[in-house]
Amino acid sequence: MIHIGPQDFVFILTGSGVSAESGIPTFRGAGGLWRNYRIEEVASPHAWARDPRLVWDFYSMRRSVAASAKPNRAHLALADLEGRLADRLFLCTQNVDNLHEQAGSRHVVHMHGELFKSRCDSCQRPPFADDSGYEAPVQIPRCECGGRIRPHMCWFGEVPYDLDRIFAELNRCTVFAAVGTSGVVEPAASFVAHVRGRARTYSVGPEKPANALSFDECIQGTAVEVLPNLFSVAI
Ligand code: NAD
């Protein structure tokens, strides 16, 4: 159990493992969505320049898988924690689904983008809500400026979103917990090293992450098994 006192600031980093028990496959796990695609052909600026049709086929398929998913008890536990800690909780997710929001979390930073948003590939018009599927033969939509509408995703080779805010929160946290993330994808994999020695650090998942040595404690179990009873809060 992680004890949270009145002086604590909590940083939670979630990864695809948190949504696995909602039926959304993880990146590397068996039965992963990614098995039928070569990742560099669908999730990079180069892929978009070469074959935007294939990119939209992939993200349309992911939208349709995520559209029917419901939050699980791990998402609900984190929403409940936000209810108790308010702005002493910072929830940063690598996930692009909206299950944290569906569970009731109100302040979620999606460092890798959001599956149900799109944006122009040319102008600075902000990302907008979009749950459409653009699988062939649907045309790729165009922005008013003439640019093409792309998924609001941080692709390989692009810079994750909100890093200034994320590092400010890492600098002030006293408790850091990574849930359902393999500890491989940077820069998220290095967050724990950034706070180590200053914050209490925990990982949660069925297996140890690649960066396990950086954590004070690796709590073994699935997100749904562990999260509902993980935190004790003294306000
Ligand atoms: P990953 O696939 O690399 O690792 C998943 C981790 O979750 C593994 O450590 C695995 O042991 C663990 N896990 C599996 N089942 C679990 C469960 N029931 N409870 C807790 N943990 C469980 O995923 P990652 O570290 O998040 O990084 C991969 C990238 O893939 C991220 O950038 C993310 O944006 C993207 N992605 C997102 C989603 C989503 O939005 N739901 C789904 C797939 C991939």
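Counting starts at 1 for both ligands and their atoms, in listed order. Remember, predicted model here, so these are calculated numbers, not experimental data. What's counted below: heavy atoms across the whole structure, side chains too, no hydrogens, waters or symmetry copies. Sequential numbering from 1 along the given sequence is applied to the chain's residues.
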Under 4.0 Å from a heavy atom of [X]: which atoms of ligand 1 are those, numbered in the order shown and with their elements?
{"X": "Asp97", "answer": "39 (C), 40 (O), 41 (N)"}
{"X": "Val185", "answer": "27 (O), 28 (C)"}
{"X": "Gly15", "answer": "26 (O)"}
{"X": "Glu207", "answer": "10 (C), 11 (O)"}
{"X": "Glu21", "answer": "17 (C), 18 (N), 19 (N)"}
{"X": "Ser19", "answer": "41 (N)"}
{"X": "Val96", "answer": "39 (C), 40 (O)"}

With a 4.0 Å heavy-atom cut-off (strictly under), which part of [X] contacts ligand 1: side chain, backbone, both or neither?
{"X": "Pro25", "answer": "backbone"}
{"X": "Thr222", "answer": "both"}
{"X": "Thr181", "answer": "both"}

Note to self: Name the residue from Arg148, Arg150, Arg142 that meets the salt bridge (charged side-chain N to carboxylate O under 4.0 Å, His left out) definition with Asp121.
What the structure shows: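 Only one of Arg148, Arg150, Arg142 forms a salt bridge (charged side-chain N to carboxylate O under 4.0 Å, His left out) with Asp121, namely Arg148.
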
Note to self: Consider salt bridge (charged side-chain N to carboxylate O under 4.0 Å, His left out). Of Arg84, Arg200, Arg172, which one does Asp8 pass it with?
What the structure shows: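 The residue from Arg84, Arg200, Arg172 that satisfies salt bridge (charged side-chain N to carboxylate O under 4.0 Å, His left out) with Asp8 turns out to be Arg200.
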
Item checked: side chain to side chain donor-acceptor pair (under 3.5 Å) involving Ser214 - partner list, sequence neighbours excluded -> none

Notebook entry, point to check: Does Pro206 come within less than 4.0 Å of ligand 1, judged by its heavy atoms?
Noted result: yes

Item checked: Student check: side-chain heavy atoms of Arg50 and Glu41 closer than 4.5 Å ->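 The answer is yes; the side chains approach within 4.5 Å.
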
Checklist line | Residues that, via side-chain heavy atoms closer than 4.5 angstrom, fall in one hydrophobic cluster with Val109 | finding: Phe11, Leu13, Phe90, Met111, Val159, Leu163, Ile166, Phe167, Leu170, Phe176, Phe191, Val192, Val195, Phe215

Note to self: Heavy atom to atom 32 (O) of ligand 1, shortest distance: which of Glu114, Lys208, Gln220, His112 holds it?
What the structure shows: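 The nearest heavy atom belongs to His112.
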
Next item on the list: For ligand 1, find out whether one of its N or O atoms is nearer than 3.5 Å to an N or O atom of Gly180.
Entry: yes

Check: Got an N/O contact under 3.5 Å between Ile24 and ligand 1?
Finding: no

Check: With no hydrogens and no angle check, do the side chains of Thr93 and His110 hold a donor and an acceptor under 3.5 Å apart?
Finding: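 His110 and Thr93 do not have a side-chain donor-acceptor pair below 3.5 Å.
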
Margin query: Students often mix this up, so state it plainly: with edges at 30° and 60°, are the rings of Trp56 and Trp48 parallel, tilted or perpendicular?
Written below: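 Trp56 vs Trp48 ring planes: perpendicular.
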
Item checked: Hydrophobic cluster identity match, Leu115 and Tyr161, side-chain contacts under 4.5 Å -> no

Check: Does a salt bridge link Glu101 with Lys117, judged by any charged N lying under 4.0 Å from a carboxylate O?
Finding: no

